Amino acid sequence: MKAGNSETAMWSLFFHQFDIPYIMGKPLGPMLAAFPNALSQFEEKKMKDQVYLLRLFWQMMLNLADGSQGKEILKGDIYSREDYPPQSPLHETHLDLVQMNLFLFFGKFEEAGKLALKVGGSFEATNPAVYRNMIETFHRGVALYAMARKTGEKKYRSPANKIRKQVEVWLKADNPNVLYFHHYLCAEQAALDRKYDQAEKAYVEAIKIAARTGALHHAGLFNERFASFLRDEMKLADEAEYRSKEAEKYYKVWGAMGKLGGSPIEKLFSGPQQ
């Protein structure tokens with residue numbers, strides 16, 4: 001800012017306060033509290049791209065934290081496509097990214113799978129060499145594997161397996177941030193292959209690493225998907241119920257009360273009315 005590079009400063013603010021903490025699965029509350037001030041700064045500096053992405057992420061987190069803001073569809077007081085239509089490929093690909101997140105965390109796997117097929121690798125093509133590519137790719141893999149397990153269809157199985165292999169490449173390149181991604185995708189592949197003992201071990205390892213590293217969002221999601229596996233494939237109702245309760249525990253600590261059907265969050269986090 002002092003050197004006059006306002007654009008870089010505003011991107012740094014967005015990355016530091018919102019993007020990276022979200023990717024890491026940190027609690028939603030502090031991010032929600034910080035959004036209004038950041039939006040004022042971005043608008044004052046006329047940073048259109050930063051304003052657009054901030055609204056996307058803010059609305060996504062409001063949906064997760066406050067059921068009255070809507071749930072799996074990215075629409076509410078802060079953002080709607082009708083009020084803020086995307087103006088560039090940057091906007092469009094990030095809109096798809098946050099919409100995918102909502103589909104996954106609200107359990108809308110059919111919609112998530114269809115979106116994953118639609119977008120393919122467009123996010124990375126539009127935003128090359130961006131660290132966010134890893135979680136975007138992984139979340140597409142989660143969606144595709146969920147639908148592959150549900151339908152058995154090749155159109156989901158093949159791209160899901162391709163993503164698993166891509167994550168394995170990253171892991172072999174000594175990227176520690178994708179270790180639990182790899183365990184989780186291997187669990188889903190093993191479940192597809194009916195290697196149930198192997199799948200169970202991989203699910204448990206993915207959950208352990210996510211929980212140990214503070215990735216509350218993924219610890220919740222993985223427990224939820226593990227519960228589905230235990231219930232549908234293994235017919236273990238009690239174990240599935242335990243994992244469902246574990247998922248609820250992590251989602252609650254994350255602050256995703258909208259996901260849990262909880263009461264609305266405080267006005268502090270709801271932002272200005274349109």
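Predicted model, so just to flag it, every value in this text is computed and none were measured.
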List in chain and number order the residues that pass side chain to side chain donor-acceptor pair (under 3.5 Å) with Glu224, two or more places apart in sequence or in another chain; answer none if no residue qualifies. Tyr251, Lys259

Is it possible for you to say whether Leu260 and Tyr242 belong to one hydrophobic cluster, with membership spreading through side-chain heavy-atom contacts below 4.5 Å? no

Could you state the interatomic distance from CD1 (Ile163) to CZ (Phe138), rounded to the nearest 0.5 Å? 10.0 Å

If we check ring pair (Phe, Tyr, Trp, His ring centres under 6.0 Å) with Phe18, which of these qualifies: Trp58, Phe35, Phe57? Phe35

Distance-only, no hydrogens or angles: does the Ser158 side chain make a donor-acceptor pair with backbone N or O of Lys155 under 3.5 Å? no

Please confirm whether Tyr145 and Tyr184 have ring centers closer than 6.0 angstrom. no

Arg81 bridged to Glu92 by N-O distance under 4.0 Å: yes

Is it true that the side chains of His182 and Arg164 contain a donor and an acceptor less than 3.5 Å apart? no

Taking every non-hydrogen atom, the tightest pair across Phe226 and Ile207: CD2-CD1, 3.8 Å

Nearest 0.5 Å, what's the CG-CG distance between Leu32 and Asp66? 9.0 Å

If we ignore hydrogens and angles and just use 3.5 Å, is the side chain of His94 paired with the main-chain N or O of Leu90 as donor and acceptor? yes

Please lay out, stage by stage, how Glu124 and Glu136 fare under the test side-chain contact (heavy atoms from CB on, under 4.5 Å). CA-CA 9 Å; Glu124 184 174 6; Glu136 189 276 337; 5.6 Å; no

If I take atom NE2 from residue His218 and atom OH from residue Tyr180, how far apart are they, to the nearest 0.5 angstrom? 4.5 Å

Specify the closest pair of heavy atoms between Met100 and Ala112, including all atoms of both residues, with the distance to one decimal. CE-O, 3.3 Å

State, to 0.1 Å, how close Trp170 and Asn133 come at their nearest heavy-atom pair, and which atoms those are. CH2-O, 4.4 Å

Distance alone, cut at 3.5 Å: any donor-acceptor contact between the side chains of Tyr131 and Asn177? no

Suppose we screen for ring pair (Phe, Tyr, Trp, His ring centres under 6.0 Å). Which residues come up paired with His91, at least two apart in sequence or across chains? Tyr52

As an exercise, state the distance from CD of Gln198 to SG of Cys186, rounded to the nearest 0.5 Å. 7.5 Å

Tell me, with the steps shown, if Glu168 and Lys172 meet salt bridge (Lys or Arg N to Asp or Glu O under 4.0 Å). CA-CA 6 Å; Glu168 187 172 338; Lys172 288 180 177 178; 3.2 Å; yes

Between the side chains of Lys201 and Glu205, is the shortest nitrogen-to-carboxylate-oxygen separation below 4.0 Å, so that they form an ion pair? no

Do the side chain of Gln99 and the main chain of Leu74 share a donor and acceptor less than 3.5 angstrom apart? yes

Kindly give the heavy-atom pair with the smallest separation between Leu13 and Ala38, and that separation in Å. CD2-CB, 4.3 Å

Residue set satisfying salt bridge (Lys or Arg N to Asp or Glu O under 4.0 Å) with Asp49, at least two apart, ordered chain then number -> none

What pair of heavy atoms forms the shortest contact from Pro128 to Ala125, and how long is it? CD-O, 3.9 Å

Is there side-chain contact between Leu117 and Pro159, with at least one heavy-atom pair below 4.5 Å? yes

Is the backbone N or O of Gly120 less than 3.5 Å from a side-chain atom of Arg140, with the two atoms forming a donor-acceptor pair by type? yes

Take Met147 and Glu110 through the side-chain contact (heavy atoms from CB on, under 4.5 Å) test and state the conclusion after the steps. CA-CA 6 Å; Met147 288 307 294; Glu110 184 172 353; 4.1 Å; yes

Is it the case that Arg157 and Thr151 place a side-chain donor and acceptor less than 3.5 Å from each other? no

Does the pair Arg55/Glu43 count as a salt bridge with the N-to-O cut at 4.0 Å? yes

Where is the tightest heavy-atom contact between Phe15 and Arg132, given as atom of each residue plus distance? CE2-NH2, 3.4 Å

Any side-chain to backbone donor/acceptor pair from Ser80 onto Gly76? Under 3.5 Å, distance only. no

Quick one: pull up CG in Leu54 and CD in Gln41 and give me the separation to the nearest 0.5 Å. 10.0 Å

Is His217 reaching over with its side chain to a backbone N or O of Ile23, donor-acceptor style, under 3.5 angstrom? yes

Got a donor-acceptor contact below 3.5 angstrom from the Thr213 side chain to the Ala210 backbone? yes

Supply the atom-to-atom distance Ile78 CD1 to Leu39 CG, rounded to the nearest 0.5 angstrom. 7.5 Å

Would you say the ring centers of Tyr250 and Trp254 fall short of 6.0 Å from each other? no

Any chance the side chains of Asn127 and Thr93 put a donor and an acceptor closer than 3.5 Å? yes

Got more than 12 heavy atoms from elsewhere within 6.0 Å of CG, Asp193? yes

May I ask you to decide whether Glu248 forms a salt bridge with Lys252, counting only side-chain N to carboxylate O separations under 4.0 Å? no

Working for side-chain contact (heavy atoms from CB on, under 4.5 Å), residues Glu7 and Lys45: CA-CA 8 Å; Glu7 182 176 8; Lys45 295 295 181 181; over 6 Å; no

Let's go through Lys165 and Asn161 carefully: what are the C-alpha distance in whole Å and the side-chain angles of both, what is the deciding distance for side-chain contact (heavy atoms from CB on, under 4.5 Å) to 0.1 Å, and is it a yes or a no? CA-CA 6 Å; Lys165 290 178 178 178; Asn161 192 41; 3.4 Å; yes

NZ/Lys26: more than 12 non-hydrogen atoms of other groups inside 6.0 Å: yes

May I ask you to check whether Tyr203 and Glu188 show a side-chain donor-acceptor distance below 3.5 Å? yes

So does Glu246 pair up with Lys249, basic N to acidic O under 4.0 Å? yes

In this structure, would Val130 and Met134 fall into the same cluster of hydrophobic residues linked by side-chain contacts under 4.5 Å? no

